[in-house]
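Written below as C-alpha cells is the structure these notes are about.
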Amino acid sequence: MSFPLLTATAALPAIGAIATAAVPAARRTAAKWLALLVSLATLALAVVVLVRFDPDGDRYQLTESHSWIKDFGVRYELGVDGIAVALIALTALLIPFVILAGWHDADPLETHSSRWRPTQGFFALILAVEAMVIISFEATDVFLFYIFFEAMLIPMYFLIGGFGDRAHAGSDEHAAAQRSYAAVKFLLYNLAGGLIMLAAVIGLYVVAGNFSLQEIAEARANGSLDMATNTERWLFLGFFFAFAVKAPLWPLHTWLPNAMGESTAPVAVLITAVVDKVGTFAMLRFCLQLFPEASKWATPAILVLALISIVYGALLAVGQRDIKRLVAYASISHFGFIIMGIFAMTSQGQSGATLYMVNHGISTAALMLVAGFLITRRGSRLIADYGGVQKVAPVLAGTFLIGSLATLSLPGLAPFVSEFLVLIGTFARYPVIGIIATFGIVLAALYTLVLYQRTMTGPVKPEVSAMPDLKVRELVVVAPLIALLIFLGVYPKPLTDIVNPAVKQTMSDVHKKDPKPEVEAAK
C-alpha cells in the first residue's frame, strides 16, 4: 500500500493545529514556532505532491479511496488534477508567510495587560483553515468536499471575530461590535450558500446513487446516467450559488469588505487569497464536470454577473478611504475576471482563470501584508492619514508599489499573463463582454496608483516622519512573494504546463472547442 501523500498533506496542519492549541498558556513563542514549523513541513509535502504529479498522466493522480459511510455510498476519496495541485501549492506557500506576518497579532495588548489574547488559538485556527482548504482541493467525493467546504467557516469565524484589526478607529467596544458584525455576516452568507448546496448534494445522490465525482462524471459521459434538463439545472444552481457566495460574485459579495476590513492583515490574506479560491476551484471541478449542459445554459447570465463584479468592484475601490476595504473591492473585481474566464468556455479563458487564482493569491498577499505592516506602524487604515512614506521608509514603499502594480496587472508581473489570457479567451467567444471587461483594467490603474500617490508621495506628514522601514522578519515575508510575482510574470511556463492538461479535460467535459479565428480569405 503506497504512502497516502494527499492525506498526509491535509492531516499534518490539522494535527499541528491541535498541538499548537495544546501548548501551555505561558509558552506563546513556542506555539508560534511550532505553527511555523508545521506550515513549512506542509509546504514540503505540497512540493512532493507537485513533483510527483505528471501533467501528461491520468486526470486524477495520487488517488486514495476508502469506504466511509457505506450505507449512503459516501467514500473517503482523494485525487488531484493540475488545477488542484497548483492551488494546494499556493495554499501551502502562503500559510508560512501568513504566520510570520501575524507573529505579534495575537500577543497580549500592552495597554490592557490583564486582557489575554489567546496566541495559541490564533495560530491553531490558521493551521486548521489550511488543513480544510487543502482537503477541499483534494476531495473527489462530493459529500466529503461539502463537509470541509462548510467546516472551514468555523475557524474563519473565530479568526475574524476574535482577532480583529487593532488599527480600528473608535472605542474598544465599537471595534468589538464591528468585528462581531463582520464575522456574523461572513458566517450567515456562507452558511446560507452551504445549506442550499446541501439540498443540491442530496438531490445529486437521489439522481446518481452515489457521491463519487469520477463515477458520476463517467456515467454522464457514457450515457448511463441521464439527468432531466430541469433537474440538472436546479442541481447546478444549488452548487453554483454556494460557490458564488464563497468566491464572491456580485451581488453575493457584500460580506467580503466587512470581513477583510475588520480582520488583521494576515487573516484578510487567508480569506481572499486562500479560502475564496475554493469557490472558483469548485466551479471548475464540480459545476462544469457534473452539470455540463446546465453550465452552458447558465453561461450568459453568469458572464453578465462577472462583468458587473469587475466594473462594480473596481468603481467602489476607486472611492474607498480605507486601505483594506480598497483591496477587498479590488479582489471582488479580480474574482469577476476569474469567473468570466471559467465560463468563457475557451481553453485560454480557463487557463487564464486558473493562473489568475494563483497569481491573485500571490499579488494580494504581497499588497495586503505590506499594507498591514504600514497600518501597524501608523495605527490607522485611512488613506488620508498617510503621506510621504517613501521618504522615510523607502523599502516599505517600494514593495508596496510592486504589490500595487501587480494588482493592476502590469506587464512583467504575474497577474498580467492570467488577465491577458482571460480577456483573449472571453473575446474569442463573447467579444462584447471582453471589450467591456477591459474597462476594469483602466479603473484598476486608477485606484492602485491613486492609493500609492496619496500614501507614499507628497510632503511627509508629522505622524509618519519617524516611521521605521521594514524589519528582517517583514522582509522575509515580502521578498519571496515579490520574487514570485516577477518570475511568474516573465516565465509562467512551469505553471501553465501543470494546469493546461486539466483545462483541456474540463473543456472536453462541457463538449466545447475553441472557436476558430475568422480569417478573411486572401484575394
Side-chain angles (χ1 to χ4, degrees), residues 6-7 9-11 13-14 17-18 68-69 72-78 84 87-88 91 95 124-162 182-206 208 210-213 216 234-249 252-256 258-259 263 267 270-287 289-291 335:
L6 297 185
T7 293
T9 307
I18 296 171
W68 183 18
I69 309 175
F72 295 99
V74 179
R75 298 186 63 81
Y76 177 80
E77 285 190 347
L78 306 179
L87 292 174
I88 290 170
T91 301
I95 296 301
L125 290 169
I126 291 174
L127 291 176
V129 172
E130 179 182 24
M132 293 175 186
V133 169
I134 288 176
I135 203 167
S136 296
F137 292 140
E138 297 172 345
T140 56
D141 181 277
V142 176
F143 191 79
L144 178 66
F145 169 83
Y146 172 77
I147 287 175
F148 290 99
F149 180 81
E150 287 293 276
M152 69 180 70
L153 301 180
I154 299 170
M156 285 307 309
Y157 169 81
F158 288 108
L159 283 170
I160 297 168
V184 170
K185 189 173 184 179
F186 162 83
L187 189 63
L188 290 179
Y189 267 68
N190 284 275
L191 277 180
L195 289 174
I196 292 174
M197 181 183 169
L198 177 60
V201 169
I202 295 171
L204 180 66
Y205 176 75
V206 171
N210 64 79
F211 293 106
S212 173
L213 171 67
I216 296 172
W234 280 111
L235 293 178
F236 167 85
L237 290 174
F239 277 76
F240 180 80
F241 182 85
F243 303 152
V245 172
K246 184 85 78 179
L249 178 69
L252 306 171
H253 66 284
T254 59
W255 63 267
L256 182 64
N258 295 102
S263 300
V267 173
L270 200 62
I271 295 169
T272 190
V274 177
V275 171
D276 287 355
K277 298 300 186 298
V278 178
T280 47
F281 164 80
M283 291 179 190
L284 278 166
R285 171 166 280 189
F286 296 101
C287 287
Q289 192 169 345
L290 294 175
F291 316 110
F335 275 106

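A pairwise comparison of heavy atoms in A131 and A10 identifies CB-O, 3.3 Å as the closest pair. The shortest non-hydrogen separation linking P248 to W255 is CB-NE1, 3.8 Å. Taking both residues in full, the closest heavy atoms of F236 and C287 are given as CE1-CB, 3.7 Å, listed atom of the first, atom of the second, then distance. Contact detail for G238 and A200: the closest heavy-atom pair is CA-CB, 3.9 Å.
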query: Checking side chain to side chain contact (heavy atoms under 4.5 Å, CB included) for the pair E130/M152: CA distance, chi angles, key distance, verdict?
result: CA-CA 9 Å; E130 179 182 24; M152 69 180 70; over 6 Å; no

task: Start with the C-alpha gap between I160 and I271, add the side-chain angles, then the distance that decides, and say whether side chain to side chain contact (heavy atoms under 4.5 Å, CB included) holds.
output: CA-CA 9 Å; I160 297 168; I271 295 169; 3.9 Å; yes

task: List the steps and the verdict of side chain to side chain contact (heavy atoms under 4.5 Å, CB included) for L87 and I134.
output: CA-CA 8 Å; L87 292 174; I134 288 176; over 6 Å; no

- request: Report the C-alpha separation of F281 and F137 in whole Å, then their side-chain angles, then the decisive distance to 0.1 Å, and conclude whether the ring-ring contact (aromatic ring centres under 6.0 Å, His included) test is met.
  value: CA-CA 8 Å; F281 164 80; F137 292 140; 5.0 Å; yes

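Here the side chains of F286 and L213 are in contact, with some heavy-atom distance below 4.5 Å. Side-chain contact between M156 and F186 is present, with at least one heavy-atom pair separated by less than 4.5 Å. Looking only at side-chain heavy atoms (C-beta outward), F243 and V278 stay at 4.5 Å or farther from each other. Between P13 and M132, the closest side-chain pair of non-hydrogen atoms is not below 4.5 Å. Here the side chains of Y189 and H253 are not in contact, with every heavy-atom distance at 4.5 Å or above.
Applying the side chain to side chain donor-acceptor pair (under 3.5 Å) test to T272 and every residue at least two apart in sequence or in another chain returns S331. Every side-chain contact (heavy atoms from CB on, under 4.5 Å) that L188 has, sequence neighbours left out, goes to V184. Listed by chain and number, the residues in a salt bridge (Lys or Arg N to Asp or Glu O under 4.0 Å) with E138 amount to none (sequence neighbours excluded). The side chain to side chain donor-acceptor pair (under 3.5 Å) test applied to N258 returns K185, not counting sequence neighbours. Looking at residues two or more places apart in sequence or on another chain, you find a side chain to side chain donor-acceptor pair (under 3.5 Å) between T7 and E64, Y76.
Taking CD1 of I196 as the reference point, atom CG of L191 lies at 11.5 Å (rounded to 0.5 Å). The distance from the CZ atom of R285 to the CG atom of L290 is 10.5 Å, given to the nearest 0.5 Å. With rounding to the nearest 0.5 Å, the separation of CG in L127 from CD1 in I18 is 10.5 Å. To the nearest 0.5 Å, the span separating CZ on F211 from CD1 on I69 amounts to 8.5 Å. Rounding to the nearest 0.5 Å places CG of L235 at 11.5 Å from CE of M197. To the nearest 0.5 angstrom, T280 atom OG1 is 11.0 Å from L249 atom CG.
Tested against V275, the residues T91, L153, V133 include a single side-chain contact (heavy atoms from CB on, under 4.5 Å) partner, V133.
A donor-acceptor contact shorter than 3.5 Å is absent between the side chain of W234 and the backbone of G203.
Within the 6.0 Å centre-distance limit, the rings of F291 and F239 are counted as a close aromatic pair.
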All N/O donor-acceptor pairs, side-chain side in residues 139-149, below 3.5 Å, sequence neighbours left out:
from, atom 1, to, atom 2, distance (Å)
T140, OG1, E77, O, 3.4
D141, OD1, F143, N, 3.0
D141, OD1, L144, N, 3.0
D141, OD2, R75, N, 3.2
Y146, OH, G194, O, 3.2

